[in-house]
Structures are given as structure tokens and as C-alpha cells.
There are 2 protein chains.
Amino acid sequence: MTPAKPSDTADVLTIREMCDAFEVTPRTLRFYEQKELLFPIRQGTRRLFTRRDRARLKLILRGKRFGFSLEDIRQLLDMYDRDPGQQAAQLQRTYELARARLSEMEQQRDELNEAITDLKAQMAWGEEMLATLAKGNAT
Amino acid sequence: MTPAKPSDTADVLTIREMCDAFEVTPRTLRFYEQKELLFPIRQGTRRLFTRRDRARLKLILRGKRFGFSLEDIRQLLDMYDRDPGQQAAQLQRTYELARARLSEMEQQRDELNEAITDLKAQMAWGEEMLATLAKGNAT
DNA sequence: CGTTACATTTACGTCAACGTCAGGCCCTCT
DNA sequence: AGAGGGCCTGACGTTGACGTAAATGTAACG
């Protein structure tokens, strides 16, 4: 009576197991499937996520962290398992996208830093004001 | 016959003058009015932006740079000219919001930096791969 | 057989800050 | 009178990544 509950230790995961493993919602997985980012196999109507899906999802989430859009990610993923021969060219392409994204991120960071500096300056000004007003209203 | 074209050097600006002065579109100004961020006076159906509107818009744009939502900005602006007496309390409130926003920005920057670092690492890995593949395919 | 507990599909809703028409008024120059 | 220009209102469209609701299925437990 081995408690073979979910997917019986096979190397496929149910949607719930997948969600728990990656901290995403079922909606997200279905959404990704619809967007052709994942291709779970079907047992009747249910989805079973393979090792390949898990690898892809890991890459998807990593890509998201870097700010790539799902569409970008899909293209990269597609490229890699469409023709597993043009390795160099593919890596090249990936590399270019990464470089572009990287400079975007750095620029964004710089703008953010500028804004932070400015906001701090404004706040320093605000502190003066507060002090002044406090003196004025002192008992 | 002074060529009194737009608003005749008075201290009100037409929508176009306002747009040119602040580099925004008419749509934006109308939108801000609808959102109760600006209150241009009406000459018939046309808008005339006063000095007060200009001051507010300046603050709005500054706020946006800091990542405040229009709704946040509206509340702050409202607060300031609803009761022009609670200066200290208002400044206090503004200060709190600014502090909160500041830490959000700093966190965001940190996450971005982390992602940048990670992406760079990935890219270094990619370079190795490219080099390896290049050797393999060398003539 | 009934209930519980997930699963599925379909499709509309969300959020922000505007963009983009479409249609119409009013004034001015020619 | 016609053409042109600027301004107006009103309302739908955009973008991305899902959330959420409704109706249905189906598998297993008891």
C-alpha cells in the first residue's frame, strides 16, 4: 500500500506539484502553456509536466528576473530546441539579447540612482523645513 | 497693433503654451485635469493654465520622476492646498511617503544590481561556451 | 450514490497613464 | 464661402502577465 498519491514518483509532476515546486499558480502554468512556453503532456485532460518542462520553467523564471518579456523568452527557448545544431549562432543571438537587456538594466539603475539622490536632497530640504516649523511652534 | 497672439503676455497659458513649456501633450494635461491634478480656468470651453497650475505641474512631474503614482501625487497636492495651516503635519506626511518611496527605490535598485551581476555571470558562462564551440568548429 | 477535492475550459476583468481616433465648434485668412 | 488651424468632448485601444468567475468534469473516498 505505497501511498502512490500524486504522480507516483514518476518523473512527471501534476500541476499542483509543479506549482509547489516553483511557487507559481496553476493559472500561470496554463498561461505559459498557451503562450507555448511549456508543453506538458496530457493524461486525458490533465497536464503532466516533464523534466523538460521543469527545465524550461526554470529558464523562464530566470529570464523574467532579468526583465525579459515572455515573448523574448519564448523565442530563445524555441530557438534552442528547434534546431539543436546551430549552437554557436544561437548562443550568439542569446548573447546579443542579453547584452541589450543588460545595458537597459544598467541605464535603469543609473536613472534610479539619480532619482534616489535627488529625492534624498529634497528630503534634506524637508528636514530643514520641519526644524524651522518646530522652532516656530515651540512651546 | 501689438501681435497679442496667444494669451497676450498675461500670466495664463493656453494648452499649447503649457505643453511646450513642460514637454507634455495636450492629452496629458486634459488627463491630469480629469484626475483632479490641475484646475485650469475656462475661457468659454478653452483651458487657461494659471501660475498655480504651472507650480502643480512642476510638482507632478517631479513626483513622477520619483515613481509616485498620480494618485499619490494628487493626495499630497490636495493636502497642501486644502488646509494651508497644518504645514508641519503635512510636511511630516510628505516626509513619510518620501521615506517609504525611497526605500522602495533602493530595494529596487538593489534587486536590479543583483540581476545585473547574475546576468553578467551568465554571460561570462556564455562566452566560454562560444569559445569552446569556436574551437570545435575551427578549420 | 453523494460529497469532497482538484482539474479543466472559456472568457471577461485588472492596472496605469495616457494614445488615438471620430466628430464638431469657433475663429481667421483669403 | 471655403480652407485651415486649434481646441474641445467622448470613447475605445494599448500593454503584459496574469486574476477571477462560471460552468463542467472526473476521480477517489466512504
Side-chain angles (χ1 to χ4, degrees), chain A residues 1-8 12-49 53 56-57 59-77 101 104 108, chain B residues 1 3-8 12-49 53 56-57 59-75 77 101 104 108:
Chain A
M1 282 213 176
T2 48
K5 293 262 295 258
S7 46
D8 198 13
V12 287
L13 300 185
T14 68
I15 197 169
R16 182 109 303 279
E17 292 168 336
M18 193 74 169
C19 289
D20 293 345
F22 289 91
E23 307 220 15
V24 295
T25 68
R27 178 68 177 96
T28 299
L29 294 180
R30 298 192 189 106
F31 182 73
Y32 287 173
E33 180 183 10
Q34 193 183 345
K35 290 282 174 179
E36 307 198 81
L37 287 159
L38 297 177
F39 308 95
I41 56 181
R42 293 306 187 92
Q43 189 181 42
T45 171
R46 316 233 151 130
R47 292 166 176 82
L48 289 179
F49 295 85
D53 291 312
R56 290 177 74 96
L57 182 54
L59 289 176
I60 293 167
L61 296 180
R62 186 175 300 173
K64 282 200 51 176
R65 247 200 97 221
F66 294 153
F68 289 102
S69 72
L70 291 183
E71 176 56 18
D72 284 346
I73 296 172
R74 190 189 61 75
Q75 287 185 28
L76 288 176
L77 253 41
R101 184 74 198 113
E104 281 176 25
Q108 212 186 330
Chain B
M1 280 206 175
K5 293 261 295 250
S7 46
D8 197 13
V12 288
L13 300 186
T14 69
I15 198 170
R16 181 105 306 278
E17 292 168 337
M18 194 76 170
C19 288
D20 292 346
F22 289 91
E23 306 219 82
V24 295
T25 68
R27 179 69 178 95
T28 299
L29 294 180
R30 298 193 189 107
F31 182 72
Y32 287 172
E33 180 183 9
Q34 192 184 337
K35 290 283 175 180
E36 307 198 82
L37 287 159
L38 296 177
F39 308 95
I41 57 181
R42 293 306 186 93
Q43 190 179 42
T45 171
R46 316 230 149 133
R47 293 168 176 81
L48 289 179
F49 296 85
D53 291 312
R56 291 177 74 98
L57 182 53
L59 290 175
I60 294 168
L61 297 179
R62 188 176 298 173
K64 281 200 51 175
R65 249 201 94 218
F66 295 152
F68 289 102
S69 72
L70 291 185
E71 175 56 17
D72 284 345
I73 296 171
R74 190 188 61 75
Q75 288 184 27
L77 254 39
R101 184 71 199 115
E104 281 176 26
Q108 216 187 120

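Predicted, not measured: the structure shown is a model, and the values here were computed from it. In what follows, chains carry the letters A, B, and so on, assigned in the order in which the sequence lines appear, proteins first and then strands, with residues in each chain numbered from 1.
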*Could you check Gln108(A) against Glu104(A) for side-chain hydrogen bond (donor to acceptor under 3.5 Å, both in side chains), going step by step and ending with a plain yes or no?*
CA-CA 6 Å; Gln108(A) 212 186 330; Glu104(A) 281 176 25; over 6 Å; no

Spacing of [X] atom [atom1] relative to [N] atom [atom2], expressed in whole Å:
X: Gln34(A); N: dC12(C); atom1: CD; atom2: C1'; result: 13 Å
X: Arg42(B); N: dC7(D); atom1: CZ; atom2: C1'; result: 10 Å
X: Asp72(A); N: dA17(D); atom1: CG; atom2: C1'; result: 14 Å
X: Leu29(A); N: dA7(C); atom1: CG; atom2: P; result: 11 Å
X: Leu48(A); N: dT8(C); atom1: CG; atom2: P; result: 9 Å
X: Ile15(B); N: dG6(D); atom1: CD1; atom2: P; result: 13 Å
X: Arg30(A); N: dT9(C); atom1: CZ; atom2: C1'; result: 9 Å
X: Leu13(A); N: dA7(C); atom1: CG; atom2: C1'; result: 16 Å

*How sharply is the helix from dC1(C)-dG30(D) to dT30(C)-dA1(D) bent, taking the axes over five pairs at either end and rounding to 10 degrees?*
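The two end axes of the helix from dC1(C)-dG30(D) to dT30(C)-dA1(D) meet at 30°.
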
*Would you give a per-nucleotide map of nucleotides 15-28 of chain C, 5' to 3', where B means the base has a protein non-hydrogen atom under 4.0 Å away, S means only the sugar-phosphate does, and - means neither?*
--BBBB--------

*Once you round to the nearest 0.5 Å, how far does CG of Leu57(B) lie from CE of Met18(B)?*
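Separation between the atoms: 4.5 Å.
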
What does the list of N/O pairs under 3.5 Å between the protein and nucleotides 21-23 of chain D look like, with a distance for each?
none

*Which is true for Arg16(A) with a 4.0 Å heavy-atom rule: it touches a base, it touches only sugar-phosphate, or it touches nothing?*
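Result for Arg16(A) = sugar-phosphate.
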
*Got a donor-acceptor contact below 3.5 angstrom from the Arg74(A) side chain to the Glu36(A) backbone?*
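No, Arg74(A) side chain to Glu36(A) backbone: no donor-acceptor pair under 3.5 Å.
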
_Side-chain donor/acceptor of Arg101(B) to backbone N/O of Gly67(B), under 3.5 Å_ =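 Yes: the side chain of Arg101(B) pairs with the backbone of Gly67(B).
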
_A side-chain contact here means heavy atoms from C-beta on lying under 4.5 Å apart; do Lys64(B) and Ile73(B) qualify?_
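A side-chain contact exists here, since the closest heavy-atom pair is under 4.5 Å.
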
*Within-4.5 Å side-chain heavy-atom neighbours: Phe39(A) and Arg56(A)*: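 Yes, at least one pair of side-chain atoms sits under 4.5 Å.
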
*Option from Leu38(B), Thr25(B), Ile15(B) for which side chain to side chain contact (heavy atoms under 4.5 Å, CB included) with Arg30(B) holds*: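 Result: among Leu38(B), Thr25(B), Ile15(B), Ile15(B) is the only option passing the side chain to side chain contact (heavy atoms under 4.5 Å, CB included) with Arg30(B).
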
